[in-house]
Amino acid sequence: MVQCSQYVLLRWHNTNLNKHVLTLCVCALRRQRALKPGQSPYRALLETLELTNTKLTLQLINDNNKVRLLLELYRLQGNMTRVKINELKPLKPRFEVPDVLINDPPTEPLSLLSRDENGVVLSLGADSQRLIVSAKPFRLDIMEGREVLLSLNSRGLLAFEHLRILEDGMWEETFKSHTDSKPNGPSSISLDFSLPGVENVYGIPEHADSLKLKATDGGDPYRLFNLDVFQYEVFNPMALYGAIPVMLSHSAQRTMGIFWLNAAETWVDISSNTAGKVRPTHTQSTPQTDVRWISESGIIDVFIMLGPTPTDVFSQYASLTGTQAFPPLSALAYHQCRWNYNDQEDVAAVDQGFDDHDIPYDFIWLDIEHTDGKRYFTWDPHKFPQPKDMLQGLLDKRRKMVTIVDPHIKVDSSYKIHNEIRSKGFYVKSKDGGDYEGWCWPGNSGYPDFTNPEMRAWWASMFAYDQYEGSMENMYTWNDMNEPSVFNGPEVTMHKDALHGNWENRDLHNLYGLYVQRATAEGLIERSGGVERPFVLARAFFAGSQRYGAVWTGDNAAEWEHLKISIPMCLSLSLVGVSFCGADVGGFFKSPSTELLVRWYQTGAYQPFFRAHAHLDTPRREPWLFGPENTALIREAVRQRYALLPYWYQLFYHAHHSGQPVMRPLWVEYPQDTATFSMDDQFLLGEDLLVHPVTEEGARGVTAYLPGKGEVWFDVHTFQKHNGAQNLYIPVTISSIPVFQRGGSIIPRKARVRRSSSCMEHDPYTLFVALSPKRFAQGELYIDDGHTFNFDKQKQFIHRRFSFANNALSSSQLEFEFDASMSVLTLRKPGVNAGLDWTVVLQ
Amino acid sequence: MSCALLLLLTSLALAMGTGTAVEIQRPRGVPQSKRQFYEENKPFTCLDGSSTIPFDRVNDDYCDCRDGSDEPGTAACPNGSFHCTNAGFRPAFIPSSRINDGICDCCDTTDEYNSGATCQNTCREMGRKERESLQIMAEITKEGFLLKQQLIHEAKRAQEDKQGKLTELQGSKKGLEGKVEALRTVKETAEDPEKEAKERHLKSWEEQKELIRMEKDKTRMAEAFLELDDDSDGYVSVAELQSHLELDPDSDGSLTETETQVRCLLFLPLKSREDVPPTVQTPEKREDDELSMPPYDTETQSLIDGAYIHLQSLICGPEFIWICRNLEKEIGFDFGPSAEFAYLYSQCYELSTSEYIYRLCPFNRVSQKPKFGGSETNLGLWGQWAGPEENLYSVMKYDHGQGCWQGPNRSTTVKLTCGKETVVTSTSEPSRCEYLMEFTTPAVCQEPASLDEVLHGHTEL
């Protein structure tokens, strides 16, 4: 029995009523972090080098224990390099993450430039990029010209705990009352990366922390381990619900990315030679950031995305893991949720409340209480006796519903879903081979093994209209608790030695949530015969989850700090492929002040996933419950969202089509403007709208940074023009939502806001043309049916590019009004068809 | 022109969907009362006076007036409204955004003239239904109002009754105090012989008295028990005791456990099950009936008598005060402008749902008890009338109920509507630990308008 002689303090909170700070024995992390930079024991055996058309292979040896590793190097199309390291002859196979890459990434040939006893130099293609393999100690450097872009194992922290023959109970670890049998013994891996010239790294969600990642020297590393965290704290590297092991590095010269494809518990240490220091003006040393990745099991499989621009990195990552699912248009509108809307009458009353107060909404949500005793796919027979009547009532108003379907299944022999999963052997197994059981909402629960494709196919089939009784085409799905949450498990999740087929939860823990959302999304597609686009919200996620729907930042709190952190949390996700992100508007736990609620609506209206949600124990907070003034403020925020839906939809089309994020940090569009690098209180939507929401209590003004020397920005509410490259103080009132449109852009809106987005389907568009100082503008408009795959399968869409140049934009019988004081020109009823070519000339 | 920097290109028509031109009727969506402002072929001035436009721009599906008045019949203006005549039912305004949105809002279908939605004209049917329900409502109101008059009458009588009783009690208290005073003087003069006689007999008397007392207490406790054992489960819980607010000696609206125990010792049945105000006996008389000392001899008898009455009047003092207080309290309740709600006092009404039995005891408390076992939860104690200013007696508020985990103390809002019967019609928990109860009673029925007035006031033909 191995006892940890030293414990690593990691803070987490269990689902009990109180917060606990616990001492967690994380042997792997302790062992790995005990390694100090220095001479690496690993040496490349150059005589084993083999170079084929697609890859280079080479053995590495650990001179301390003589264990050999196999290194595989690939040059991937699109300026990426893949580095894979596994044991040459493991006792048994080590886990390699499946189902995340959308294909076997296409390679490009590597060519050998030179070779001697110290190493080899390979060409990485056209861009004068070279890969240098040093033999002793083993090290990789990627160069462009004379510049080192990135080095691997330069600090000698490559470590690979090889699988060993095990004596009984030898590796067992205990944590509180939980025991991890660790039948395969220690199996952790680690590798370090050095990024010369880099001061800013981003990504690796999910953490409630600043956009720019902090150095972790002397503190806890950023932890990636999907957990159901009770009342999480902000500005903390603790693990949350989802994990995407992708980091972006950025400097004024270059943007790159590191994708560490490993689904086990992972930690990331960051250190920087400039962190926390004021940079001397005349410094000899260049800034450098060093990053170290550690995972508890699996192999090293890392994709180095070489940029060089942010757009390139987004495309590169999208080529590996796919792009954002293109949501139905209505999913981009406003969602009204609460734990719980109590019964059909309640749903009808809330629906009517929106109409009575003339506030649009598209989706109303039902949390766990709608089910018959937390048996998902069922309805409480007393509270929801006629779900189809209810759904039809919503459909009649062209509105929709989401019901929750969580992945824990009540162990109950009178429950069809449980019986089928049990009889088909689809449950996750415990280490002893029986069905793994844990406590969750329904009490004792089983956890379907979503890693099993047959299980997923069966699960998907449960969403068929004849299987999920009471469901209709306007009903969509929410997968909560898919970390998975196990109330009585270690850290409120599954035991690491639980078995998914032959693999331990340890190996694939962070992947479970992705599979749940995937199986559900596939179910929604199948029930419509492949016609309709699904909408599924999930709390846990992994790299690639963007392909299956939306995520949200979990159980936040009604506090100003949580409102603020929603911006960097969603920006961090946007950078690594997940554009469809939002935070619970109003805050989940606790009750917001009216001011906070209004500010949250104003902020949420400009974030991708816009849903109000509230805990069961909080007082009701539908938008009209805070007096007519606040109702009007919330109505206005929601209406701004609806008016802008054409632009949102177009941005999501791009996210789907090319992997470009919807919500962007400023540095993505202004990569050389160092002032933007750590900015996370404002953001861009696409490249043309800048949003600086008011997130301070009692704010009288905000200072927004308008980037771009020589550019201009227009206040979207007043059309007032401001110059770029300045900090602009904006006095604000409770109704202010500072939003600016970039001069040089054309943004489509729909000025007729109706009670749901579907009601606005056939309404005309209004183009907002903001001219650049050179009197030029361009923009676009994407239109399709809003909900099917016909845009893809049958290319049924309109995608127009608009440009304004040389005063050209007019047709013959055009009328216009010009307000000289505002510099606003309105073209009255141009009467042009959005789908056809046209030119309008101003004379 | 040269400094135009921001350009708004509006109304870019969408080619997809129904591409048919908007059929325009002038002036669509204008109520009769505003028709005069929309004179065909004359320039139209926005109703806020902000600008004047050619008449062909009225209802041309483009918003020209800031107040939306140029587009009464289209969805072009964000702040416009559309008038449906709804012949056969009642006219209405809807927001412009509901014109041609594919959803039938006006029962005469006029809001969906170009959306492809197939709406049925339901005005006559709705009018008929409304008239029917108004008729039913009017009948209920009428009967309810009659009942209410009766309630007011009864309440008045009962009030007078109680006031009389109180006065009487206060009077007899005064008399008693006088008597006690007189007896004390007598007693003091006869102190020595009395003391002697008393000592002789006291020991055996005490023993006997104790026996009798125990016997009497038993009977009283049994009565009290029946009175208090609300759920007839053979046990009296503290909760049950606490539910009897008439036992509340310090009138703070709740019974503490100590007070509950005090009542057990001093118990006096206050009211019968039929809620007839109790016949309160003067302590003197009662004690004569109940705890007369066994005859000893005439000499000591008379001596002891004096001391005994004195003693008993002291014992009964608190009880006496308590009865008075209780009456004062009941008289002091706000039972509505004409005490029409007085009949609800000390009554309870139940509603059984799938999971719980809800119990409303007006002016006392609201509670909830699981149907299938489990203890009762206090959903709030009588707080105050909480209706809007013009209709204060339409809502009752009960608060300071049992606390919720991480939440407030439970509270219940009771909405009162006119009905012939006194019934709890529904309960819900719109927010965690905040309950809503609907309750019908004749006491809120308003004097009915004549039926004709009701029916014709709402219909435009």
Side-chain angles (χ1 to χ4, degrees), chain A residues 17 342-343 345-346 358 382 396-398 616-620 639 712 714 719 721 741 743 746 748 751-755 758-771 775 777 781 783 785 798 804 809 818 820 822-836 840 842, chain B residues 1-22 51 57 60-64 71 74-81 94-105 114-117 353-355 404-408 426 428-434:
Chain A
L17 318 183
N342 299 331
D343 48 32
E345 292 70 38
D346 199 2
D358 204 14
H382 301 292
D396 289 346
K397 289 193 184 171
R398 308 179 74 173
L616 184 70
D617 289 326
T618 61
R620 296 290 280 235
R639 282 188 175 182
V712 291
F714 293 87
F719 305 133
K721 187 175 71 168
Q741 181 177 345
I746 301 174
R752 301 178 183 185
V753 173
R754 303 195 189 243
R755 65 186 132 194
S758 304
C759 292
M760 296 158 64
E761 190 181 353
H762 299 302
D763 284 336
Y765 292 85
T766 300
L767 299 182
F768 287 72
V769 183
L771 297 188
R775 307 185 46 70
L781 178 62
I783 305 169
D785 65 21
I798 295 168
F804 182 97
L809 192 92
F818 179 54
M822 292 308 298
S823 302
V824 174
L825 177 68
T826 304
L827 300 184
R828 192 181 191 280
K829 296 185 77 174
V832 293
N833 185 314
L836 301 177
V840 178
L842 300 185
Chain B
M1 258 313 297
S2 59
C3 54
L5 289 169
L6 191 100
L7 189 70
L8 273 72
L9 183 59
T10 62
S11 299
L12 185 58
L14 167 58
M16 301 181 75
T18 57
T20 53
V22 177
S51 64
R57 290 190 176 182
D60 73 338
D61 207 28
Y62 184 88
C63 192
D64 293 282
E71 297 295 317
T74 78
C77 295
N79 50 349
S81 62
I94 60 166
S96 293
S97 65
R98 295 181 193 174
I99 299 169
N100 290 327
D101 67 350
I103 301 163
C104 310
D105 290 287
N114 198 23
S115 69
T353 67
S354 57
E355 282 176 83
C404 270
W405 177 72
Q406 277 211 338
S426 79
S428 56
E429 188 182 358
S431 220
R432 185 73 155 172
C433 301
E434 292 178 14

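Sequence lines set the chain letters: A, B, ... in the order given, protein chains first and strands last, and positions in each chain run from 1.
Here the side chain of A/Arg754 pairs a donor or acceptor atom with the backbone of B/Ser97 at under 3.5 angstrom. The backbone N or O of B/Pro95 sits nowhere less than 3.5 Å from a side-chain atom of A/Asp358 that would complete a donor-acceptor pair. Judged by distance alone, the side chain of A/Arg620 and the main-chain N or O of B/Pro430 form a donor-acceptor pair under 3.5 Å.
The side-chain heavy atoms of B/Ile103 and A/Arg398, taken from C-beta on, include a pair separated by under 4.5 Å.
Looking at residues two or more places apart in sequence or on another chain, you find a side chain to side chain donor-acceptor pair (under 3.5 Å) between A/Asp396 and A/Gln392. With sequence neighbours excluded, the residues that form a side chain to side chain contact (heavy atoms under 4.5 Å, CB included) with B/Pro78 are B/Cys63.
With a threshold of 4.5 angstrom between heavy atoms, B/Ala117 does not approach chain A through any atom at all. Contact of A/Thr618 with chain B is made through the backbone alone, with heavy-atom distances under 4.5 Å.
The existence of a salt bridge linking A/Arg752 and B/Asp61 is confirmed by a sub-4.0 Å separation between a basic side-chain nitrogen and an acidic carboxylate oxygen. With respect to B/Asp105 and A/Arg755, a salt bridge is recorded, a charged nitrogen being found less than 4.0 Å from a carboxylate O.
In terms of heavy-atom pairs under 4.5 Å with chain B, the best-connected choice from A/Arg639, A/His382, A/Glu345 is A/His382. Annotation: maximal heavy-atom pairing with chain A below 4.5 Å, among B/Ser428, B/Cys433, B/Ser354, occurs at B/Ser354.
One distance of note links CG of A/Asn342 with CD of B/Glu429; it measures 7.0 Å at 0.5 Å rounding.
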